[in-house]
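Take a look at the structure set out below.
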2 protein chains.
Amino acid sequence: MTKYEFVANQLADRINNNEFKHTKKIPTEDQLMQEYNVSKNTIRNAIKILTKLGLLYPVQGSGMFIREIKKYDTIFLSGTRGITKDHPGTHIENKCLHIEVIEADEKIAQFMLCEQGTPIYYIERLRIVDEVPYAVEYTYYNKNIIHYLNKEIVESSIYQYIKEDLKLTFGFADKYISARKLTERESELLKLQKDDPAIIIEDNVYLANGTLFNSSQITYNYQLAHFFMTAE
Amino acid sequence: MTKYEFVANQLADRINNNEFKHTKKIPTEDQLMQEYNVSKNTIRNAIKILTKLGLLYPVQGSGMFIREIKKYDTIFLSGTRGITKDHPGTHIENKCLHIEVIEADEKIAQFMLCEQGTPIYYIERLRIVDEVPYAVEYTYYNKNIIHYLNKEIVESSIYQYIKEDLKLTFGFADKYISARKLTERESELLKLQKDDPAIIIEDNVYLANGTLFNSSQITYNYQLAHFFMTAE
DNA sequence: TAGTGGTCTAGACCACTTT
DNA sequence: AAGTGGTCTAGACCACTAG
């Protein structure tokens with residue numbers, strides 16, 4: 001862990017412990033430099049992390065103020081993490097509906113940014129939060145990068161498997177957000193009506209070296225799923 | 001304009017002009033430091049801007065690679081700008097459906113983060129892109145901050161008015177994204193069917209000093225509106 | 001092993017807010 | 001005028017990639 005990550009974690013803890021509830025501000029940059037014995041740049045890097053998470057906002061000439069945002073039960077969009085981290089204390093089940101290896105045709109090759117004929121895992125999952133169907137997920141993984149997947153991995157955490165077992169590091173993700181009507185099959189799986197609204201997130205996830213390894217289309221239950229982000 | 005903003009603009013232009021199409025990389029940090037005669041930090045700040053816009057991704061030890069993303073006809077979510085900037089070359093019309101000044105009741109005071117009784121502009125607009133109804137927008141402005149609004153301003157660009165005439169600077173924005181069914185009135189305005197899907201963005205915009213001045217709920221035409229963002 | 005991005009420091013000065 | 005965040009510099013060293 002870098003110094004600025006350490007400082008960011010410390011500050012996040014201190015904010016969550018309400019240490020600054022009187023002032024609604026964190027200490028000044030100079031004070032933090034002294035407290036943690038680091039340079040200004042390191043403090044600023046730490047603070048940038050917290051700002052992106054929506055915990056703070058800076059006011060030039062005045063201080064770094066703590067935010068009070070109501071993000072109850074929402075999924076945080078500005079991260080490569082999934083539902084899991086945003087629903088602490090809930091029971092999440094991933095039901096594997098379908099898993100197969102296919103060869104990329106022209107269309108798949110195009111959005112997977114790979115050659116035609118590349119082996120691809122195609123997976124369908126139903127994600128269930130606290131016994132209620134939450135989302136239907138259609139995912140393509142490049143098998144040249146994720147060499148092996150099975151039902152067990154797919155039903156637990158694929159991300160953890162990729163990170164901890166395969167030792168791959170995530171870089172960034174593109175997200176396309178839209179809405180459409182549910183298909184009949186989706187409505188049955190989500191226990192909603194056909195033609196009910198669905199919020200769709202297409203998620204293209206890249207490794208740190210810039211290669212795309214995963215493209216998902218996730219169909220969320222519109223009565224349950226709400227998303228949150230903060231922009232500058 | 002700061003030096004790093006200048007460098008970021010220059011680089012964005014050079015990328016758009018395909019200057020780096022052979023290498024698919026921009027010059028190294030050291031090269032850019034020399035070219036623009038600035039320090040490493042300045043280059044890094046510039047590059048961070050381009051990374052957030054999704055134009056670049058960094059690979060440690062290798063270079064800064066140019067991205068090729070298909071964001072045709074989408075609205076970029078990671079910004080406080082609206083539709084306007086994302087639809088160059090299109091004709092945008094804002095039809096004012098309703099404008100009135102009200103006093104904040106308990107509920108409004110809560111989400112506008114103001115005292116009860118604060119004067120508030122409540123505005124309804126229909127946004128039309130290239131003659132097609134695009135979104136229905138319900139907006140609250142704190143009248144203690146935005147002292148005056150009228151139909152003309154509301155039908156042109158409110159943001160430009162706030163920025164250039166009132167000389168206020170935007171800070172950050174929270175966005176909540178969800179889906180629901182259209183109301184009957186919305187379906188008529190958007191020329192869709194009642195109970196058709198709608199993608200909803202609730203947008204809370206803050207000034208640089210951290211005060212909330214604007215809360216909108218925007219109901220987008222699901223057949224036209226698609227959103228894009230990039231996350232780390 | 002050389003090239004390239006990432007972290008970190010120390011210090012100067014500027015822009016804005018608050019008193 | 002004093003306090004506080006924002007920009008900028010010069011330089012050292014680390015982490016990772018690629019030939």
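Quick note on labels: first sequence line is chain A, next is B, and so on, each numbered from 1.
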Among residues 9-25 of chain B, which contact DNA chain D at a heavy-atom distance under 4.0 Å? none
How does protein contact run along nucleotides 5-14 of chain C, one letter per nucleotide 5' to 3', with B for base contact, S for sugar-phosphate only, - for none, heavy atoms under 4.0 Å? BBBSB-----
Nearest-Å distance for atom pair CD1/P, residues B/Ile43 and C/dT4: 14 Å
In dot-bracket form, 5' to 3', how is DNA chain D paired? Count Watson-Crick and G-U wobble pairs only if both distances fall under 3.5 Å, and write | where the partner sits on another strand. ||||||||||||||||||.
For the pair A/Glu155 and A/Arg125, find out whether any cationic side-chain nitrogen is under 4.0 Å from an anionic carboxylate oxygen. no
With sequence neighbours excluded, what pairs up with B/Asn9 under the side-chain contact (heavy atoms from CB on, under 4.5 Å) test? B/Met1
Listed by chain and number, what are the side-chain hydrogen bond (donor to acceptor under 3.5 Å, both in side chains) partners of B/Thr219, not counting sequence neighbours? B/Arg180, B/Glu186
Sole candidate of A/Lys25, A/Lys24, A/Arg14 that passes salt bridge (charged side-chain N to carboxylate O under 4.0 Å, His left out) when paired with A/Glu19: A/Arg14
Partner of A/Phe213 by ring pair (Phe, Tyr, Trp, His ring centres under 6.0 Å), out of A/Tyr140, A/Tyr121, A/Phe170: A/Phe170
May I ask you to check whether A/Asn209 and A/Thr211 show a side-chain donor-acceptor distance below 3.5 Å? yes
Can you tell whether the side chains of B/Arg127 and B/Glu137 come within less than 4.0 Å, N to carboxylate O? yes
Carboxylate-amine/guanidinium contact B/Lys52 A/Glu232, below 4.0 Å: yes
How about B/Tyr138 and B/Tyr122: are their ring centres within less than 6.0 Å of each other? no
Pair up each side-chain donor or acceptor in residues 54-67 of chain A with any protein partner under 3.5 Å, not counting sequence neighbours, and list the distances.
residue	atom	partner	partner atom	Å
A/Arg67	NH1	B/Asp174	OD1	3.1
A/Arg67	NH2	B/Asp174	OD1	3.2
A/Arg67	NH2	B/Asp174	OD2	2.6

